[in-house]
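These notes are about the structure you will find just below.
Keep in mind that this is a model prediction, so the values were computed, not measured.
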Amino acid sequence: MELIKGIVVSLSKYKDNDAIINVLTKDNIVPINIRGAYSKNSKYLKFAHTFYEGEFEIYKGNTKYFKLRNVNILFDSESFYGDYSILVCLELIKEVFTKAFSNDEFTNNYLLLSTTLRHLSSKNEIIKYTLLYIGFFIRISGYSIVTNRCQNNSKDGDVYFSFENGGLVSGKFATNSDIKLDSEEVNILKIIFENKYAIAASKLSFENNKYLSILTILCNFISYYNNINIVSLKMLEKIHS
């Protein structure tokens, strides 16, 4: 038997009644087979969901997957289930992680996700903490957003976000596909990409109607460089429109 600590980041059905959970740890992603998860009166059904953190007792069977013996749940996401806004945010986070995760930064991604889940559990400032997750996921992934290429007080006064150039550009260098930002949006990007997480979280001190517009830009930035479609972004925009 082995014991691993991690967060369930995805779930899929396997064969007739089994489930496969993918557990993000500080070292890797471990697929685990929950045998009989969907069988009638299964005691394992409670482990067949996503975004809970726990200590997983696993053992090696005669298949390619580890098998689950038990879980000591340290943090559960079940409290989120009554809040549709949080569920959509979680779906966005899951989409971004599963579609765009492609490096070996397991430890930082684990810490970021664990921190984000605990902030979301308070059910306060959910767009802010979803935005922080997406911003720091980008930083961890190495797609750094350039925020110091131009100053907000440039001669023409206009600042744009350029996907092609990976960040902020002044108005004189902007193209038709770039997105014009106001000073508050520029400041939000600078806070996220020029500070450590705790400092950025403290500076973004309360919910702001600009957070969603920046979240949209950053998700589209991820889509641009990974050639993916983040479906849940439209759901989130619809809720807060």
Side-chain angles (χ1 to χ4, degrees), residues 1-39 41-81 86-121 129-130 132-143 197 219 222 225-228 230-232:
M1 187 191 75
E2 294 185 41
L3 186 66
I4 64 170
K5 180 181 176 182
I7 302 170
V8 179
V9 291
S10 65
L11 165 73
S12 60
K13 190 172 182 180
Y14 180 64
K15 294 185 177 178
D16 292 332
N17 295 307
D18 293 0
I20 298 293
I21 53 174
N22 286 301
V23 178
L24 172 66
T25 75
K26 291 183 178 180
D27 301 307
N28 52 18
I29 295 177
V30 182
I32 302 173
N33 182 0
I34 307 179
R35 298 188 65 184
Y38 300 114
S39 300
N41 300 322
S42 171
K43 66 178 182 179
Y44 292 111
L45 180 60
K46 60 185 177 182
F47 301 134
H49 64 282
T50 55
F51 292 122
Y52 67 92
E53 184 174 12
E55 295 172 332
F56 297 77
E57 293 182 28
I58 57 177
Y59 63 97
K60 194 67 177 176
N62 55 3
T63 66
K64 63 180 178 179
Y65 298 114
F66 283 102
K67 292 182 173 60
L68 183 69
R69 187 182 302 276
N70 195 24
V71 185
N72 175 29
I73 295 179
L74 304 174
F75 172 84
D76 204 344
S77 61
E78 287 187 343
S79 63
F80 298 157
Y81 293 169
I86 295 181
L87 291 178
V88 173
C89 287
L90 288 175
E91 185 62 29
L92 177 67
I93 289 170
K94 182 171 71 175
E95 260 201 280
V96 168
F97 182 85
T98 56
K99 292 181 178 180
F101 178 80
S102 61
N103 60 36
D104 59 356
E105 287 289 342
F106 294 105
T107 298
N108 286 332
N109 273 288
Y110 176 89
L111 294 174
L112 175 61
L113 183 55
S114 179
T115 299
T116 301
L117 292 175
R118 281 163 172 76
H119 281 306
L120 291 178
S121 69
Y129 285 110
T130 304
L132 281 167
Y133 175 85
I134 298 300
F136 277 81
F137 178 87
I138 290 172
R139 291 180 61 171
I140 292 169
S141 301
Y143 298 102
Y197 184 96
C219 285
I222 292 172
Y225 280 98
N226 290 275
N227 193 29
I228 60 174
I230 303 174
V231 178
S232 51

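In this structure, OH in Tyr197 is found 10.5 Å from CD1 in Ile140, a value given to the nearest 0.5 Å. Atom CG of Leu24 sits about 10.0 Å away from atom CD1 of Ile4, to the nearest 0.5 Å. Annotation: the span from Ile20 atom CD1 to Phe66 atom CZ amounts to 12.5 Å, rounded to 0.5 Å. Rounding to the nearest 0.5 Å gives a distance of 9.5 Å between NZ of Lys46 and OH of Tyr44. A distance of 9.5 Å separates OH in Tyr38 from CG in Asp18, rounded to the nearest 0.5 Å. Atom-to-atom distance recorded for Lys15:NZ and Arg35:CZ is 8.0 Å, nearest 0.5 angstrom.
Proximity of Phe56 to Val8: side-chain heavy atoms (C-beta onward) are separated by under 4.5 Å at one or more points. A 4.5 Å side-chain heavy-atom check between Leu74 and Lys5 finds at least one atom pair inside the cut-off. Looking only at side-chain heavy atoms (C-beta outward), Leu120 and Phe51 stay at 4.5 Å or farther from each other. Considering only heavy atoms from C-beta on, Lys99 stays 4.5 Å or farther from Asn226 through its side chain. Counting heavy atoms from C-beta on, the side chains of Ser121 and Phe75 come closer than 4.5 Å. Counting heavy atoms from C-beta on, the side chains of Glu57 and Asn72 never come closer than 4.5 Å. A 4.5 Å side-chain heavy-atom check between Ile7 and Ser114 finds at least one atom pair inside the cut-off. Using a 4.5 Å heavy-atom cutoff, the side chains of Leu117 and Phe80 are in contact.
Residues Cys219 and Ile230 share a closest heavy-atom pair of O-CD1, 3.5 Å. For the pair Ser42 and Gly36, the tightest heavy-atom approach, listed with the atom from each and the gap, is OG-O, 2.8 Å. Listed here is the closest heavy atom pair of Ala100 and Ile228: CB-CD1, 4.3 Å. In plain terms, the two heavy atoms of Glu105 and Asn108 that are nearest each other are OE1-ND2, 3.0 Å. In this structure, Ala48 and Leu11 approach most closely via the heavy-atom pair O-CD2, 3.3 Å. Across all their heavy atoms, Asn22 and Ser10 have their closest contact at ND2-OG, 2.9 Å.
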Show the numbers, then the answer: is there a side-chain contact (heavy atoms from CB on, under 4.5 Å) between Asn28 and Thr25?
CA-CA 5 Å; Asn28 52 18; Thr25 75; 3.0 Å; yes
List the steps, then state whether side-chain contact (heavy atoms from CB on, under 4.5 Å) holds for Phe47 with Ile73.
CA-CA 9 Å; Phe47 301 134; Ile73 295 179; 4.0 Å; yes
Phe137 vs Ile222, test: side-chain contact (heavy atoms from CB on, under 4.5 Å). Steps then yes/no.
CA-CA 10 Å; Phe137 178 87; Ile222 292 172; 4.3 Å; yes
Checking Tyr52 against Ile21 for the side-chain contact (heavy atoms from CB on, under 4.5 Å) test, could you report, in this order, the C-alpha distance in whole Å, the side-chain angles of both residues, the deciding distance, and whether it holds?
CA-CA 11 Å; Tyr52 67 92; Ile21 53 174; 3.9 Å; yes
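Salt bridge status for Arg118 with Glu53: present, with a side-chain N to carboxylate O gap under 4.0 Å.
Environment of NZ in Lys26: sparse, with no more than 12 heavy atoms of neighbouring residues, nucleotides or ligands closer than 6.0 Å.
Aromatic ring centres of Phe101 and Phe106: separated by under 6.0 Å.
Not a single donor-acceptor pair under 3.5 Å links the side chain of Ser141 to the backbone N or O of Tyr143.
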